Student: 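Have a look at this one.
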Amino acid sequence: MIDPYIPQAQLARLERLVTVGKVVVVYGPRRVGKTTLIRRYAEKREPDALVISGEDMGAREYLESQSVDKLKALVGDRRTLIVDEAQHAREIGLNLKLLVDHVRGLRIIATGSSSFDLARRTGQPLTGRQYTLLLLPLAQMELRSIEDAHETKARLDMRLIYGSYPEVVLMESDEQRRMYIKELINAYLFKDILELENIRYTDKLRRLLQLLAFQIGRQVSITELGAQLGMARNSVERYLGLLERAYVIYSRHGFSRNLRKEITKNRRYYFYDNGIRNGLINNFNGVALRGDTGALWENYILAERLKRNLYTGRLSESYFWRTHDGQEIDLIEELDGQLRAAEMKWSPRRNARAPAAWRRAYPDSAFEVIHPENYLDFIA
C-alpha cells in the first residue's frame, strides 16, 4: 500500500522562500496538492500558523476589507498567515500588501489554482513583495521516495496511461483512475478559464485540446487549428495562451542560432500530465494496444524533465530542433552556453546518433537517447 502522503519536492523550497515581508504565491493546476503542501508547512509551525480559505465567507470579510485594523484582528498574535484559494477574495493583492506593510514579522503564503487566476487578484500591489512557486502533478523524483527501482519500472505503463496526479497515483484500480480523470476533466479543467475569461464555448476548448493531443511531437500550425475549429487565428492563439496559463499544456519553440535550414516559427505543444491527455481523447488502452506509444513516451519524459529542472532550480532554456529537410531532435537544453540534446525513443536503435546537420552545426553539444532502460537518471 502506497503511503497516503508522498513527500513533495517543493516543500523544502517553500520553507526557504517564506520570509518576513514577502508573500509566497503557490500556483498550479487544481488537485495537484497545493492544500496538502501548505498544511504540511503549517504543521511544523503550529500554533503560530493561521490557515484560512478564500472560499470561506467569514474569512473573506477580513481579506477584502482594506482595513488595517480588521486585517490585524484577523492574524492576531500569529506570525504566519496562509490563505488557500486566495483568488476568491476581491482585492486580495492590496490586502496582502497592507498586511505585509503593517504587521511586523508576518510571513504570508497564498495559493491559487492557476497563474492568471491569482495574478489578476494579486498583481501590481505585490510588485517586489512576492515570490512565486509552481506546483505540478507528482514528479518521478518525488515518487522515488516511496518506490524502489523495481516498483518504478513496474508502474511505468501506468504512468504513461494515467499520469501522476496525487490521487491517481494512490488509487488501487484502473477503473478508479479512469473515473477520477474523467471527473477532473469535466469538473475542473476548464473551470478557471470559463469563470475568469468569459469563455462560452467549452466544446471549442475541449476540441482544441483533443487536436493537440494527436499532435504531440509535431509542429502545430495555428492556421490549420483555426480551420479545423472554425475559429479565427487570434481566437485560437488566445485559447492556447489561456490553456498554458492554466497549466493544462505548455509549448516549446524551435532552437536556432540563425542557421538557414532550422525551423523556429511554429511551436510544439505538450501536456503536463499524460492522464489528462488520454482522458481528453478517451483512450486508456494499455501500451501494448496503442499506436501512439512514442507520443506518450515523449510527452511523459519531457514533462518529467521539466518538473525535475523546475524543482531542482536548474534554469535551462528548453527547445525542440528541426530542419526543413526533416532532421529533428525532441529536446534541446541550453544552460550557461552549453547545449544538451536528447531524443525520446520507446524502442531505440542501437548506436543511435544525433542527426548529421546537428553534429555539423553544434559539434560540442552532448547528445543522448532516452529510452525505458535509462530514463530514470534523466528525470529523477
Side-chain angles (χ1 to χ4, degrees), residues 28-32 113-114 136-138 140 155-195 199-222 224-231 235-236 239-240 242-251 267-304 306 344 346 372:
R30 293 179 183 269
R31 313 299 295 178
V32 295
S113 53
S114 62
L136 294 169
L138 287 168
Q140 184 56 50
R155 292 169 180 153
L156 176 57
D157 283 11
M158 183 180 74
R159 302 272 151 78
L160 293 178
I161 303 303
Y162 297 106
S164 301
Y165 271 77
E167 291 181 68
V168 169
V169 168
L170 294 169
M171 287 172 176
E172 297 185 350
S173 77
D174 289 346
E175 181 180 6
Q176 288 177 310
R177 295 183 182 102
R178 287 191 291 269
M179 291 176 62
Y180 179 84
I181 290 169
K182 284 293 188 180
E183 178 65 19
L184 187 63
I185 290 171
N186 292 329
Y188 293 108
L189 198 63
F190 308 115
K191 184 175 182 181
D192 299 328
I193 298 172
L194 295 174
E195 287 181 354
I199 300 292
R200 291 176 294 169
Y201 305 112
T202 314
D203 59 323
K204 296 279 190 181
L205 281 171
R206 184 184 292 266
R207 181 63 181 143
L208 174 57
L209 286 171
Q210 289 171 337
L211 291 173
L212 295 177
F214 289 113
Q215 297 187 54
I216 289 172
R218 290 183 281 166
Q219 286 85 262
V220 170
S221 166
I222 305 298
E224 289 180 9
L225 288 176
Q228 290 176 289
L229 293 167
M231 295 171 60
S235 295
V236 176
Y239 277 29
L240 288 170
L242 293 173
L243 289 166
E244 286 198 68
R245 288 157 62 196
Y247 299 109
V248 180
I249 57 174
Y250 64 96
S251 63
R267 296 186 182 189
R268 291 183 179 182
Y269 286 86
Y270 297 94
F271 288 79
Y272 281 103
D273 186 77
N274 274 34
I276 295 297
R277 184 265 183 184
N278 290 327
L280 283 161
I281 62 173
N282 197 30
N283 186 352
F284 294 107
N285 288 334
V287 170
L289 301 175
R290 305 180 70 109
D292 60 353
T293 306
L296 289 180
W297 180 245
E298 182 175 344
N299 193 84
Y300 172 72
I301 294 297
L302 291 181
E304 289 297 324
L306 182 156
M344 316 308 155
W346 180 249

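Only a predicted model underlies this, so the values are computations on that prediction, with no experimental measurement involved.
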Student: Could you work out, with salt bridge (charged side-chain N to carboxylate O under 4.0 Å, His left out) as the rule, every residue matching Asp174, not counting sequence neighbours?
Tutor: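 By the salt bridge (charged side-chain N to carboxylate O under 4.0 Å, His left out) rule, Asp174 matches Arg177.
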Student: Please set out all donor-acceptor pairs under 3.5 angstrom arising from side-chain atoms of residues 162-169, sequence neighbours excluded.
Tutor:
{"unit_1": "Tyr162", "atom_1": "OH", "unit_2": "Arg178", "atom_2": "NH1", "d": "3.0"}
{"unit_1": "Glu167", "atom_1": "OE2", "unit_2": "Arg31", "atom_2": "NH2", "d": "2.6"}
{"unit_1": "Glu167", "atom_1": "OE2", "unit_2": "Tyr180", "atom_2": "OH", "d": "3.1"}

Student: Please examine the side chains of Arg159 and Asp273, heavy atoms only from C-beta on, and report whether any two atoms are closer than 4.5 Å.
Tutor: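 Asp273 vs Arg159: side chains apart.
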Student: Not counting sequence neighbours, which residues clear salt bridge (charged side-chain N to carboxylate O under 4.0 Å, His left out) with Arg207? List them please.
Tutor: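 Partners of Arg207 by the salt bridge (charged side-chain N to carboxylate O under 4.0 Å, His left out) criterion come out as none, since no residue qualifies.
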Student: Rounded at 0.5 Å granularity, tell me how far CG in Leu211 sits from CG in Leu229.
Tutor: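 The CG atom of Leu229 is 5.0 Å from CG of Leu211, to the nearest 0.5 Å.
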Student: Run the salt bridge (charged side-chain N to carboxylate O under 4.0 Å, His left out) test against Arg206 and tell me which residues pass, sequence neighbours left out.
Tutor: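 With sequence neighbours excluded, Arg206 shows a salt bridge (charged side-chain N to carboxylate O under 4.0 Å, His left out) to no residue whatsoever.
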Student: Compare all side-chain heavy atoms of Val32 with those of Leu136 and state whether any distance is below 4.5 angstrom.
Tutor: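 When only atoms from C-beta onward are counted, Leu136 and Val32 do not touch, as no gap falls below 4.5 Å.
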Student: Using 0.5 Å steps for rounding, measure from the CE atom of Met171 to the CE atom of Met158.
Tutor: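 Met171 CE to Met158 CE: 11.5 Å, rounded to 0.5 Å.
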Student: Measure the CG-CH2 distance between Leu160 and Trp297 for me, rounded to the nearest 0.5 Å.
Tutor: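 The distance works out to 6.5 Å.
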Student: Check whether any side-chain heavy atom of Tyr250 sits under 4.5 Å from a side-chain heavy atom of Leu302, and report yes or no.
Tutor: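 Yes, side chains in contact.
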Student: Step by step, work out the side-chain contact (heavy atoms from CB on, under 4.5 Å) result for Val287 and Leu156.
Tutor: CA-CA 10 Å; Val287 170; Leu156 176 57; over 6 Å; no
Student: Side chains of Ile216 and Asp292: closer than 4.5 Å at any heavy-atom pair?
Tutor: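 No, their side chains stay 4.5 Å or more apart.
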Student: Can you list the residues that meet the side-chain hydrogen bond (donor to acceptor under 3.5 Å, both in side chains) rule with Lys182, with sequence neighbours excluded?
Tutor: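 Counting only residues at least two positions away or on another chain, Lys182 forms a side-chain hydrogen bond (donor to acceptor under 3.5 Å, both in side chains) with Asn282.
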Student: Working note: Leu296 + Ile161, criterion side-chain contact (heavy atoms from CB on, under 4.5 Å); need CA distance, chi angles, decisive distance, verdict.
Tutor: CA-CA 8 Å; Leu296 289 180; Ile161 303 303; 3.9 Å; yes
Student: Can you list the residues that meet the side-chain hydrogen bond (donor to acceptor under 3.5 Å, both in side chains) rule with Ser251, with sequence neighbours excluded?
Tutor: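 Per chain and number, Ser251 pairs via side-chain hydrogen bond (donor to acceptor under 3.5 Å, both in side chains) with Glu244, Arg267.
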Student: Please report the interatomic distance CG(Leu243) to CD1(Ile193), rounded to the nearest 0.5 Å.
Tutor: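 Going from the CG atom of Leu243 to the CD1 atom of Ile193 covers 4.5 Å.
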Student: If you take all heavy atoms of Met231 and Lys204, which pair is closest and at what distance?
Tutor: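 Here Met231 and Lys204 meet closest at SD-CD, 3.8 Å.
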Student: Can you confirm whether the side chains of Tyr188 and Glu183 place a donor and an acceptor under 3.5 Å from each other?
Tutor: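 The answer is no; no qualifying pair exists.
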Student: Do the side chains of Val248 and Leu242 get nearer than 4.5 Å, heavy atoms only?
Tutor: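 No; the side chains remain at least 4.5 Å from each other.
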Student: Going by an N to O cut-off under 4.0 Å, is there a salt bridge joining Asp157 and Arg290?
Tutor: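 A salt bridge is absent here (no side-chain N lies under 4.0 Å from a carboxylate O).
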Student: Would you name the heavy atoms of Ile185 and Leu280 that are closest together and state the gap between them?
Tutor: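 Smallest heavy-atom distance, with atoms named: CD1-N, 3.6 Å.
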Student: Grab the two heavy atoms, one from Gly275 and one from Ile181, that are nearest each other, plus how far apart they are.
Tutor: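 Residues Gly275 and Ile181, closest heavy atoms: O-CG2, 3.4 Å.
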Student: To the nearest 0.5 Å, tell me how far Tyr239 OH sits from Leu208 CG.
Tutor: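 Rounded to the nearest 0.5 Å, the OH-CG separation comes out at 9.0 Å.
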Student: Which pair of non-hydrogen atoms, one from Tyr272 and one from Ala303, has the smallest distance, and what is that distance?
Tutor: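 For Tyr272 and Ala303, the tightest heavy-atom pair comes out as O-CB, 3.7 Å.
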Student: Between Leu212 and Phe271, what is the shortest heavy-atom contact and its length?
Tutor: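 So the minimum-distance heavy-atom pair works out to C-CE1, 4.1 Å.
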Student: Would the number of heavy atoms belonging to other residues, nucleotides or ligands and lying under 6.0 Å from CD of Glu224 be above 12?
Tutor: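 Counting other residues, nucleotides and ligands, CD of Glu224 stays at 12 neighbours or fewer.
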Student: Taking all non-hydrogen atoms of both residues into account, name the closest pair between Gln215 and Val220 and its distance.
Tutor: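 Minimum heavy-atom contact is OE1-CG2, 3.9 Å.
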Student: Kindly compute the distance separating CZ (Arg277) from OH (Tyr270), expressed to the nearest 0.5 Å.
Tutor: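 Spacing of CZ (Arg277) from OH (Tyr270) equals 12.0 Å.
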Student: Determine whether the side chains of Asn299 and Asn274 contain a donor N or O and an acceptor N or O closer than 3.5 Å.
Tutor: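 Distance-only check passes for Asn299 and Asn274.
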